[in-house]
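Take a look at the structure below.
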Amino acid sequence: MRKPSPLPGQLAGRSFTLDEQRSAGVAAQRAWRSDLRVASRGVRVPWGIEQDFAHTCRLLSRLCPSSACCLGTAGRLWRCPLPWSVQTDFRVHLARFDGGNRPVRKGVAGHRLDLLGADVTELDGVPVTSPARTWLDLAAILELEDLVVAADFFICSQSRSFGPRKFALCSLADLRQQVEGRSGARGIRKAKRALGLARVGSDSAPETRLRLALGRLGLPEPKLGYVVTDETGWELAWPDQAFPEFKVAVNYDGRHHLEPRQRESDIRRDESIAATGWTSVTITASQVRTWGFDGCAQRVLDALVRCGWRAER
């Protein structure tokens with residue numbers, strides 16, 4: 001069998017539409033050669049080459065007029081932490097926003113959503129539901145804790161004396177406005193519960209899950225974004241969660257904390273605040289795998305009790 005002729009540079013190694021093929025001056029019969037597969041009507045994808053997810057969304061949204069990426073697809077485009085089942089959904093979820101019929105084609109999960117003008121935006125050339133609207137739609141498919149994780153991700157903003165400033169994708173007020181404006185939306189009760197548990201300042205999904213586990217134990221609300229200082233006001237540490245009344249600092253250390261330089265920095269951090277009377281509790285990813293977040297929360301409980309906290313009777 002004769003080897004297919006090479007594609008021009010603008011088409012090579014990626015999915016493309018038949019319109020793009022014609023514009024590139026490639027003969028129509030080239031679309032049916034063995035090195036390409038039909039991913040969807042009018043779309044060709046080279047075999048064995050992983051495709052960029054945003055590019056796939058951009059291409060399919062162009063083929064479905066007046067449509068925007070929504071639900072789990074929008075969450076992935078915004079880089080929201082999502083359950084594995086949502087992350088590995090191969091379909092692109094598209095919603096019509098002009099009142100027309102939902103998109104129907106191979107590789108697309110079509111929806112009809114009541115979208116306002118402010119509910120649709122563009123991200124790297126891809127039409128997508130806004131962060132706040134994406135979060136509301138995720139309420140229909142996520143469990144409560146996963147929805148709180150998503151809310152914390154969208155509203156997280158931080159301004160520290162080190163590292164780049166982090167800007168929120170939307171505000172807690174934006175999420176509240178979505179909930180208040182759509183009383184009949186799927187998952188609305190869950191969304192209301194998640195709003196009550198969301199907090200600005202959780203920098204990662206594990207930090208949120210640990211905070212929720214502390215709440216299930218009935219512990220006092222930790223402060224996020226708290227700065228531990230010495231008597232001169234010099235900054236010593238920015239713990240992930242802090243209980244200033246009892247001088248207990250809690251940190252979740254992910255994989256990057258295993259790097260030697262970061263590990264040395266963490267040791268200096270803990271020693272410096274210990275000198276001012278603070279107790280450090282470090283939760284690691286390995287501990288979470290062994291005991292779960294609820295088991296790790298017991299370590300925080302033990303530290304708080306040692307430092308004077310007593311549960312109300």
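Here, residue 1 is the first one in the sequence, and each next residue gets the next number. Basis for what follows: all heavy atoms, side chains included, without hydrogens, waters or symmetry-related copies. Just so it is clear, the structure is predicted and the values come from calculations on it, not from any experiment.
Annotation: side chain to side chain donor-acceptor pair (under 3.5 Å) contacts of Asp137 (sequence neighbours excluded): Arg133. Contacts of Arg216 classified as salt bridge (charged side-chain N to carboxylate O under 4.0 Å, His left out), with partners at least two apart in sequence or in another chain: Glu145, Asp294. A search for side chain to side chain contact (heavy atoms under 4.5 Å, CB included) contacts involving Ala194 returns Trp135, Leu144, Leu147, Val148, not counting sequence neighbours. Asp230 pairs by the salt bridge (charged side-chain N to carboxylate O under 4.0 Å, His left out) definition with nothing, not counting sequence neighbours.
Summarising the geometry of Gly218 relative to Trp309, their closest heavy-atom pair is O-CZ2, 3.8 Å, with the distance given to 0.1 Å. What you find for Gln178 and Asp119 is that their closest heavy atoms are NE2-OD1, 3.0 Å. Of all non-hydrogen atoms in Gly75 and Thr134, the two that sit nearest each other are N-CG2, 3.6 Å. Closest heavy-atom contact between Ala139 and Gly187: CB-O, 3.6 Å. Of all heavy-atom pairs spanning Val86 and Leu82, the tightest one is CG1-CD1, 3.8 Å. Between Leu224 and Gly201, the closest heavy-atom pair is CD1-C, 3.9 Å.
No side-chain heavy atom of Pro206 sits under 4.5 Å from any side-chain heavy atom of Val288. Taking the side chain as every heavy atom from C-beta outward, Cys170 and Phe154 approach each other to under 4.5 Å. Residues His111 and Arg96 are not in side-chain contact: their nearest non-hydrogen atoms beyond the backbone lie 4.5 Å or more apart. For the pair Leu195/Leu172, a side-chain contact is recorded, criterion being any heavy-atom separation below 4.5 Å from C-beta on. Within the 4.5 Å cutoff, the side chain of Leu59 has no heavy atoms near those of the Arg62 side chain. Two residues are said to be in side-chain contact when any heavy atoms from C-beta on lie closer than 4.5 Å; Phe153 and Pro131 fail this criterion. Residues Pro239 and Val228 meet the side-chain proximity criterion, which asks for heavy atoms closer than 4.5 Å. Put simply, the side chain of Trp278 does not reach to within 4.5 Å of the side chain of Leu236, judged on heavy atoms.
For Glu207 (side chain) and Asp203 (main-chain N/O), a donor-acceptor pair under 3.5 Å exists by modelled atom type. Arg176 places no side-chain N or O within donor-acceptor distance of the main-chain N or O of Ser171, the cut-off being under 3.5 Å. Arg211 places a side-chain N or O within donor-acceptor distance of the main-chain N or O of Leu197, the cut-off being under 3.5 Å. No donor-acceptor pair closer than 3.5 Å links the side chain of Glu180 to the backbone N or O of Gln177. Side chain of Arg102 to main chain of Ala109: no donor-acceptor pair is present (N/O by atom type, distance under 3.5 Å, no hydrogens or angles). A donor-acceptor contact shorter than 3.5 Å is absent between the side chain of Lys247 and the backbone of Ala242. A donor-acceptor pair is defined here as one N or O able to donate and one able to accept, closer than 3.5 Å; no such pair exists between the side chain of Asn251 and the backbone of Asp253.
Under the 4.5 Å side-chain heavy-atom criterion for grouping Ile, Leu, Val, Met, Phe, Trp and Tyr, Leu116 is not connected to Leu138 through any hydrophobic cluster. Hydrophobic clustering (ILVMFWY, side-chain heavy atoms < 4.5 Å, transitive): Ile273 and Trp238 are in distinct clusters. Leu175 and Leu136 fall within the same hydrophobic cluster, defined by Ile, Leu, Val, Met, Phe, Trp and Tyr side-chain heavy atoms under 4.5 Å apart, directly or through other members. Under the 4.5 Å side-chain contact rule for hydrophobic residues, Ile188 and Leu115 do not share a cluster. The hydrophobic clustering, which links ILVMFWY residues whose side-chain heavy atoms are closer than 4.5 Å, places Leu210 and Phe246 together.
Put simply, CG on Leu214 and CD on Gln298 are 10.0 Å apart, with the number rounded to the nearest 0.5 Å. How far SG of Cys69 is from CG of Leu123: 9.5 Å, rounded to the nearest 0.5 Å. Here the straight-line distance linking atom SG of Cys57 with atom CG of Leu94 works out to 7.5 Å at 0.5 Å rounding. Between atom OG1 of residue Thr56 and atom CZ of residue Phe90 there is a gap of 12.5 Å, rounded to the nearest 0.5 Å. Atom CD1 of Ile141 is separated from atom NE2 of His93 by 6.5 Å, given to the nearest 0.5 angstrom. Expressed to the nearest 0.5 Å, how far CD of Gln241 lies from OH of Tyr226 amounts to 15.0 Å.
In this pair, Phe293 and Tyr252 present their aromatic rings tilted. The plane angle is within the 30 to 60° band.
The salt bridge (charged side-chain N to carboxylate O under 4.0 Å, His left out) pairs that include a residue from residues 185-194 number zero, where partners must be two or more places apart or lie in different chains. Pairs of residues two or more places apart, or lying in two chains, that qualify as side-chain hydrogen bond (donor to acceptor under 3.5 Å, both in side chains) and include a residue from residues 65-82 are Ser66-Asp98.
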inquiry  = I'd like to know whether Trp291 forms a side chain to side chain contact (heavy atoms under 4.5 Å, CB included) with Cys296, so could you lay out the CA-CA distance, the side-chain angles of the two residues, the decisive distance to 0.1 Å, and finally the verdict.
reply    = CA-CA 6 Å; Trp291 301 311; Cys296 291; 4.2 Å; yes

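Only one option out of Asp152, Asp146, Asp240 pairs with Arg209 in a salt bridge (Lys or Arg N to Asp or Glu O under 4.0 Å); it is Asp146.
Environment of CD in Glu245: sparse, with no more than 12 heavy atoms of neighbouring residues, nucleotides or ligands closer than 6.0 Å. In the displayed structure, Gln87 atom CD is contacted under 6.0 Å by more than 12 heavy atoms of other residues, nucleotides or ligands.
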